[in-house]
Amino acid sequence: MASRRIVLEGQLCSRAMALGRARLVHPAHFVVDETPIGPRRVAPETRRFEQALADARAELAALRDQLSGPLMLELGEMLDAHALLLEDPAFIGAVRERISGERVGAHAALKRERDRLMAEFEAIDDPYLRSRGEDIEQVIGRVIAALYRDAEERIDPASLAGEIIVTDQVSPADLANWHEHGILGVVTTGGNPLSHSAILARNLQLPMLCGCQDALSQVHDGDVILIEGEPPRLVLHPDQNDQARFQAWQAQVARDAQRLGRLRKAPTRSRDGTDVALWVNAEREEDIREAWKLGAAGVGLYRTEFLFLQRAGLPDEDEQFNAYAAAVRAMRGRPVTFRTLDIGADKADRSGLALAQEPNPALGLRGVRLSLARPEVFAIQLRAIVRAAALGPVRVLVPMVANVRELRAVRAMLAAAVRDLASAGYELGERISLGAMVEVPSAAIAIDGLLAEADFVSIGTNDLTQYLLAADRNNDAVAGLYDPGHPALAFLIERVAVAARGAGKAVAVCGEMAGDPEFTGHLLRLGIRELSMHPSALLSVRQAVSAIDLGAAA
Ligand code: PEP
Ligand code: MG
């Protein structure tokens, strides 16, 4: 029925179309259901509340165990206060009483009790005591989140196969899990094309549309929907023309793949003969196999955190070694660059490593900061990488470096891992090069000092753009300010390229712009000769390089 056709605009995260049936995954946390419950729901709702309380207590205890040093002093007291509330019989009794007496579900009961407590705090004269109301809000928020984590886990991912998910937002961990279970695409009402979920969707070549604000209110379970890239939009109840466009697109993709396929064996060289090294960003075995087939120089960025994000708890040394070893073997002698753990900010994890409630996570304990704060966890990762280096050339790349001291600390830990493994009788490979990501402006500005310590550098333009322009890469409201073409970014890239060349050290760009053929000429003109991107972009970038005349451009 053509008349039912509705078009909703969004932003494309991954270049592809998808046609299929919608499956709604509701953003349950935001809907407080105040509908009265019947007497038979009282006991199950009370049990849900008690389970969420137990989960929140366990989370707090785990968080406390992870704290050390100055963080312990700062946060320990707050966590103790939170834990006390979760044990407080008056609070627990009041919520139970609301479920049974006011006949509402666990979420509504918690919300009502929170509102009452907050009102009491608001009335206190002393500003310090009044501000402690925030603790109440946070700790009850934790219990509410635990209620819904339980609900989310009840979705059987196997039931999502062959469907297009429509939801509010998606974490990289859920996206990877759903992809493994064969979903066709994802539409989110929030989010932004530079989020880690969007990057992952591109790497997985999974169609994804974000910022499609009305999707959850307009689409129903089982509706046929079409994700389209040009223009980026969602078509609800697509008509015959839409379906014909989808089929034409599929045929075009096959033709393009054939055409680009001819470039698989070609060198990457500009029209006037400058060689450019193309590396891949990879985290899955398929990416790595593909990288080798595409003639990539190597893996320029292996985001090891994906190993940590897809599971609860931490992977041990052997599990990490097996994953890293598989990558090294698959590259058959070409280097693999393992970026050490970059958890934190929007890469929230289920391992419990990152702090759950940092006020400003992008500026907080992420990347190398977290690794150095948790040396016992980091040492295991370094040992696993050093063991994998016995199987082929390996480089280590450190994320979020803000000063040279951090890189020196990593070098010392890497050396200790090599020493320990050697004395334990492990066979070791060649010397491992240690590089720094340049993604914090201070690293780019003080690049000479960093180059004195680093064997190579790789410019992470995703984060460098966000920190340089003070525009959160995940915040739709400032998406217009997040501009990788900004002259300030060009200035820093050129500065780093010139300094690295002067110091005789390799420099690459590994952010998303490296895989965008629109930026290929720009980056080459700034002096960049190494680019690392997801494998699906490599042939298009090779083609873009071959069309550039660098002499003419200069
Ligand atoms: C970057 O910041 O550009 C980068 C490559 O790292 P990530 O996107 O994983 O933060
Ligand atoms: Mg980064």
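In this text the structure is predicted, and so the values were computed from the model without any measurement.
Inspection of the R395 and S433 side chains reveals no N or O donor paired with an N or O acceptor under 3.5 Å. Checked by atom type, the side-chain pair N281/S532 shows a donor-acceptor distance below 3.5 Å. Side-chain atoms of T304 and Q381 include a donor-acceptor pair closer than 3.5 Å. Between the side chains of R542 and T268, at least one donor N or O lies within less than 3.5 Å of an accepting N or O. A donor-acceptor contact closer than 3.5 angstrom links the side chains of Q252 and D256.
A 6.0 Å sphere centred on CZ of R405 holds no more than 12 heavy atoms belonging to other residues, nucleotides or ligands.
Not counting sequence neighbours, R334 has no partner by the side-chain hydrogen bond (donor to acceptor under 3.5 Å, both in side chains) test. Taking the side-chain contact (heavy atoms from CB on, under 4.5 Å) definition, one finds that A388 meets it with F321, Y324, V328, sequence neighbours left out.
Counting only distance, with no hydrogens or angles, the side chain of D168 and the backbone of T189 share no donor-acceptor pair below 3.5 Å. The main-chain N or O of G364 is found under 3.5 Å from a side-chain atom of R369 such that the two form a donor-acceptor pair. Of the possible polar contacts, none joining the S270 side chain to the S546 backbone as a donor-acceptor pair under 3.5 Å is found. Listed for the D316 side chain is a donor-acceptor partner under 3.5 Å among the backbone atoms of E319. The backbone N or O of F378 sits nowhere less than 3.5 Å from a side-chain atom of S371 that would complete a donor-acceptor pair. When atom types are taken as modelled, the side chain of Q11 and the backbone of G211 share no donor-acceptor pair closer than 3.5 angstrom. Without hydrogens or angle criteria, R202 side chain to C13 main chain gives a donor-acceptor distance under 3.5 Å.
At a threshold of 4.0 Å, the pair E317-R383 counts as salt-bridged, since one of the basic side-chain nitrogens sits closer than that to a carboxylate oxygen. Look at E290 and R264 and you find a salt bridge, because one of the NZ, NE, NH1 or NH2 atoms lies within 4.0 Å of a carboxylate O, short of that distance. A salt bridge between R245 and E228 is present, with a side-chain N of the basic residue lying under 4.0 Å from a carboxylate O of the acidic one. Ion pairing between a basic and an acidic side chain is recognised when a charged N comes within 4.0 Å of a carboxylate O; D463 and R366 show such pairing. One finds a salt bridge joining D318 and R387 here, because a Lys/Arg side-chain nitrogen approaches an Asp/Glu carboxylate oxygen to under 4.0 Å.
V398 pairs in a side chain to side chain contact (heavy atoms under 4.5 Å, CB included) with only one of the listed residues (L434, V457, D342), which is L434.
Taken from CD1 in I183 to CE in M208, the straight-line distance is 9.0 Å, to the nearest 0.5 Å. Atom CG of L175 sits about 11.0 Å away from atom OG1 of T167, to the nearest 0.5 Å. Taken from CE in M400 to CG in L341, the straight-line distance is 13.0 Å, to the nearest 0.5 Å.
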- E427 and L421: side-chain contact (heavy atoms from CB on, under 4.5 Å), yes or no, with the steps? CA-CA 8 Å; E427 200 174 307; L421 288 164; over 6 Å; no
query: After noting the C-alpha distance and the side-chain angles of N177 and E180, does the key distance pass the side-chain hydrogen bond (donor to acceptor under 3.5 Å, both in side chains) rule?
result: CA-CA 5 Å; N177 187 13; E180 258 171 36; over 6 Å; no
For a salt bridge (Lys or Arg N to Asp or Glu O under 4.0 Å) check, start with the C-alpha distance between R374 and E376, then their side-chain angles and the critical distance, and finish with the verdict.
CA-CA 6 Å; R374 298 294 307 275; E376 74 293 0; 2.9 Å; yes
